[in-house]
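See structure below.
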Amino acid sequence: MQDTSTDRVVPPGNTSEEEIHETDIVFDCPHCNHSLVIDYRAAGLTIDCVECKQAVTVPIPSGMIIDDLDLSAGEVLTQLFQTRRMLLKAEQRISALEESIDSLKLRRKELEKSRITTLHRCAELVTLCQTMLKQNNELVATVNRMQNLLAEEQQL
Ligand SMILES: [Zn+2]
């Protein structure tokens with residue numbers, strides 16, 4: 001199958017689009033002759049041909065010193081440091097959140113305890129009110145009885 005288009009072999013972690021950049025390596029698959037394009041950092045690596053899926057070694061362009069790739073190693077290292085910094089920040093944020101969760105749990109426990117105490121106080125107040133009402137009724141009955149006795153005494 002002969003195809004004249006050039007397919008970009010997307011290296012792992014790279015989602016770049018169809019454009020060919022100056023720094024790209026353009027070469028033909030030795031198995032199917034399909035034209036391939038890949039980022040210069042893949043020079044010397046083995047990849048799978050997008051057309052025939054066979055293993056292909058990316059040629060190292062003439063004049064390209066493999067030391068040039070140190071730049072990408074530096075970039076990778078920078079990314080690694082950035083990622084590590086972000087990870088550290090995320091971990092700090094997580095532990096801060098965990099601490100606030102713990103303090104919220106403690107606060108909730110305290111509130112629950114004071115709620116129960118309040119409930120007990122309310123129940124006792126209701127009982128005392130009922131006792132007072134009962135005593136008040138008895139007092140009224142006693143006063144009425146006394147008034148009746150006095151009235152009977154005055155009628156004699
Ligand atoms: Zn191929």
Side-chain angles (χ1 to χ4, degrees), residues 1-140:
M1 202 188 353
Q2 276 295 338
D3 187 351
T4 50
S5 73
T6 299
D7 277 341
R8 166 173 287 276
V9 181
V10 180
N14 188 343
T15 53
S16 76
E17 60 310 311
E18 305 295 335
E19 303 160 43
I20 299 174
H21 303 283
E22 260 187 71
T23 53
D24 285 337
I25 298 167
V26 182
F27 65 105
D28 294 332
C29 172
H31 308 289
C32 69
N33 249 5
H34 190 79
S35 187
L36 300 168
V37 56
I38 194 162
D39 190 271
Y40 74 100
R41 280 171 286 204
L45 297 182
T46 301
I47 53 137
D48 289 335
C49 170
V50 290
E51 188 66 22
C52 68
K53 313 295 178 202
Q54 292 195 68
V56 179
T57 300
V58 179
I60 298 168
S62 56
M64 183 184 187
I65 305 158
I66 240 27
D67 283 354
D68 289 352
L69 295 176
D70 283 353
L71 181 66
S72 80
E75 284 168 5
V76 167
L77 210 61
T78 304
Q79 281 182 357
L80 185 70
F81 287 146
Q82 282 172 351
T83 306
R84 200 154 61 185
R85 252 199 302 273
M86 273 160 58
L87 190 68
L88 198 72
K89 269 187 195 165
E91 277 171 353
Q92 284 169 347
R93 183 93 186 101
I94 286 170
S95 63
L97 284 172
E98 277 172 351
E99 267 173 39
S100 80
I101 284 173
D102 283 348
S103 76
L104 281 173
K105 275 182 183 167
L106 206 74
R107 183 88 188 104
R108 206 180 81 163
K109 219 181 263 178
E110 282 167 6
L111 284 173
E112 186 66 16
K113 219 159 86 180
S114 80
R115 194 180 73 99
I116 288 168
T117 307
T118 302
L119 278 178
H120 284 199
R121 280 202 195 110
C122 282
E124 199 180 340
L125 277 172
V126 167
T127 307
L128 288 173
C129 281
Q130 284 168 345
T131 308
M132 234 161 73
L133 273 174
K134 212 171 105 186
Q135 285 172 350
N136 188 51
N137 287 342
E138 281 168 11
L139 205 69
V140 167

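For the single chain, residues carry numbers from 1 onward in sequence order. Counting starts at 1 for both ligands and their atoms, in listed order. The figures here come from the full heavy-atom set of this structure, side chains too, leaving out hydrogens, waters and symmetry mates.
- Shown here is Glu110, whose CD atom has more than 12 heavy atoms of other residues, nucleotides or ligands within 6.0 Å.
- Put simply, the side chain of Thr57 does not reach to within 4.5 Å of the side chain of Leu45, judged on heavy atoms.
- Counting only distance, with no hydrogens or angles, the side chain of Asp24 and the backbone of His21 share a donor-acceptor pair below 3.5 Å.
- Side-chain atoms of His31 come within 3.5 Å of backbone N or O of Ala55 as a donor-acceptor pair.
- Screening residues 78-96 for salt bridge (Lys or Arg N to Asp or Glu O under 4.0 Å) gives no qualifying pairs among residues at least two apart or on separate chains.
- A salt bridge is absent between Arg121 and Glu124; no separation between the charged side-chain nitrogens and carboxylate oxygens falls under 4.0 Å.
- Within the protein, the N, O or S atoms sitting under 2.8 Å from the Zn ion (ligand 1) are Cys29 SG, Cys32 SG, Cys49 SG, Cys52 SG.
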